[in-house]
Amino acid sequence: MRVGVIGGGLMGSGIAEVCARSGVDVTVVEVDDGRAERARAAIEKSLGRGVRSGKLSQQDHAAALERLVVTSTFEDLEGADAAIEAVVEDETTKGDIFRRLDELLPDARFLASNTSSVPIMKLGAQTKQPGRVVGMHFFNPVPVLPLVEIVTSIMTEPETVGQVRGFAQDTLGKTCIESQDRAGFIVNALLIPYLLSAIRMYESGFASKEDIDQGMVLGCAHPMGPLRLSDLIGLDTLLAVARSLYAEFRDPASVAPALLNRMVEAGLLGRKSGRGFYDYSTS
Ligand code: 3HC
């Protein structure tokens, strides 16, 4: 099987890595050669981490890299059996990609989006076959977290859902949950208001960021506190999801705190930019 992954950022490179480790040929498309090179380097680094932790043999590491093609030419996706889009959380950009995928891959088993928040129906509407369009929402870090949320639009065909479920579970070894096509789906509808309220708590001076995070790690056994988790997700992504949730439900709990807006405007995007609520420039 050959899968196309569109976008080689945090999520796209993680998805591509998991595919390659699971024996799937994968073609990652980025917008230019520089980004393609960075995506390949990120996947290689993460695969190297697998070797160091003893989870991946040298042989499997080499085989995974052989299955991986990273390119800046969209047409290199031609002939792929399925596609997973994982570009920036922007409806227009994603819609454009679905139009192009629809033309390039008329026989694909499914055209999936890893969107955190864009309605799947809006993406399906860009294609001639909305029945094949489905949400396939992975969680960061993709190689570590076992969940895939399958999101069905009102047009997604049951056969498409079966194909995605089979691929995610049997090929990638993930566990699937299914959600209707509402902003935030299951996980982000619950998670994002929590993260935003932690940011509001910090913004108001109510408690320090360290104490807020430690409270949830030691008091509730979360693997990381909400501010560190926001940094991991990426503050730009968090903001985009918050805006989608607010646009759909008008719930004040989903209004982005001013501090989040300012940090994104300043380019403080969390781990991926080297600084968010915490400093990662030396790690
Ligand atoms: N890639 C590959 N492997 C990784 C990794 C990465 N980016 N990050 C960590 N790992 C692996 C490590 O190699 C290690 O493996 P080992 O046990 O075999 O050595 C294992 O994960 C644990 O890592 P660490 O010891 O370095 O660190 P922690 O124990 O602190 O775990 C964490 C790090 C896995 C990130 C953990 O803190 C965690 O699960 N945090 C919560 C993450 C979370 O909630 N993600 C969901 C975000 S929401 C989302 O993605 C949806 C979106 O739409 C917003």
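As the structure lists them, so they are numbered: ligands from 1, and atoms in each ligand from 1. Below, each value reflects all heavy atoms present in this structure, side chains not excepted, and no hydrogens, waters or symmetry copies.
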May I ask you to test the [X]-[Y] pair for a side-chain heavy-atom distance under 4.5 Å?
| X | Y | answer |
| --- | --- | --- |
| R200 | E203 | yes |
| V87 | K94 | yes |
| V142 | E17 | no |
| Q163 | V134 | no |
| D25 | M1 | no |
| I177 | I150 | no |
| S116 | E89 | yes |

Worksheet item: Hey, does the Lys NZ or Arg CZ of R228 hover above the aromatic six-ring of Y278, less than 6.0 Å from the centre and inside 45° of the axis?
Response: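 Pair R228/Y278 counts as cation-pi.
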Worksheet item: Is K174 close enough and on-axis enough to F138, meaning under 6.0 Å and within 45°, for cation-pi?
Response: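 Relative to the ring axis of F138, which defines the angle, K174 lies outside at least one limit.
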Taking [atom] as the reference point, the nearest protein heavy atom with its distance:
| atom | result |
| --- | --- |
| atom 10 (N) of ligand 1 | V144 CG2, 3.3 Å |
| atom 15 (O) of ligand 1 | K55 NZ, 3.3 Å |
| atom 45 (N) of ligand 1 | N140 O, 2.8 Å |
| atom 8 (N) of ligand 1 | R49 NH2, 3.4 Å |

Fill in: Residue selection (non-hydrogen contact nearest atom 44 (O) of ligand 1) among L232, L229, I233
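The residue whose heavy atom sits nearest atom 44 (O) of ligand 1 is L229.
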Item to complete: Look at atom 38 (C) of ligand 1 and find which of P223, S117, P226, S53 reaches it with the closest heavy atom.
Response: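 Checking each option, the heavy atom nearest atom 38 (C) of ligand 1 is found in P223.
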Less than 4.0 Å from [atom], is there any heavy atom belonging to the protein?
| atom | value |
| --- | --- |
| atom 6 (C) of ligand 1 | yes |
| atom 50 (O) of ligand 1 | yes |
| atom 31 (O) of ligand 1 | no |
| atom 18 (O) of ligand 1 | yes |
| atom 47 (C) of ligand 1 | yes |
| atom 22 (C) of ligand 1 | no |

Ligand 1 contacted by [X] (non-hydrogen, < 4.0 Å):
| X | value |
| --- | --- |
| H137 | yes |
| T237 | no |
| L191 | yes |

Fill in: Nearest-0.5 Å distance that lies between atom OG1 in T152 and atom CD in E157
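T152 atom OG1 to E157 atom CD measures 12.0 Å (nearest 0.5 Å).
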Fill in: Donor-acceptor pair, side chain of T156 and main chain of V133, under 3.5 angstrom
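Here the side-chain-to-backbone pair exists.
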Discussion item. In terms of relative ring orientation, are F110 and F167 parallel, tilted or perpendicular, with 30° and 60° separating the classes?
Written reply: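 Ring orientation of F110 relative to F167: tilted.
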Item to complete: Enumerate the atoms of ligand 1 whose separation from the nearest heavy atom of M224 is less than 4.0 angstrom.
Response: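 So the atoms of ligand 1 that pass are 37 (O), 40 (N), 41 (C).
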Worksheet item: Going by the atom numbers of ligand 1, which of them fall below 4.0 Å from some non-hydrogen atom of S46?
Response: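 So the answer, numbered in order with elements, is 1 (N), 2 (C).
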Worksheet entry | Residue part near ligand 1, for N188, under 4.0 Å between non-hydrogen atoms |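 For N188, the contact with ligand 1 is made by the side chain alone.
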Worksheet entry | Contact partition for V187 relative to ligand 1, non-hydrogen atoms under 4.0 Å |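 Within the 4.0 Å criterion, V187 makes no contact with ligand 1.
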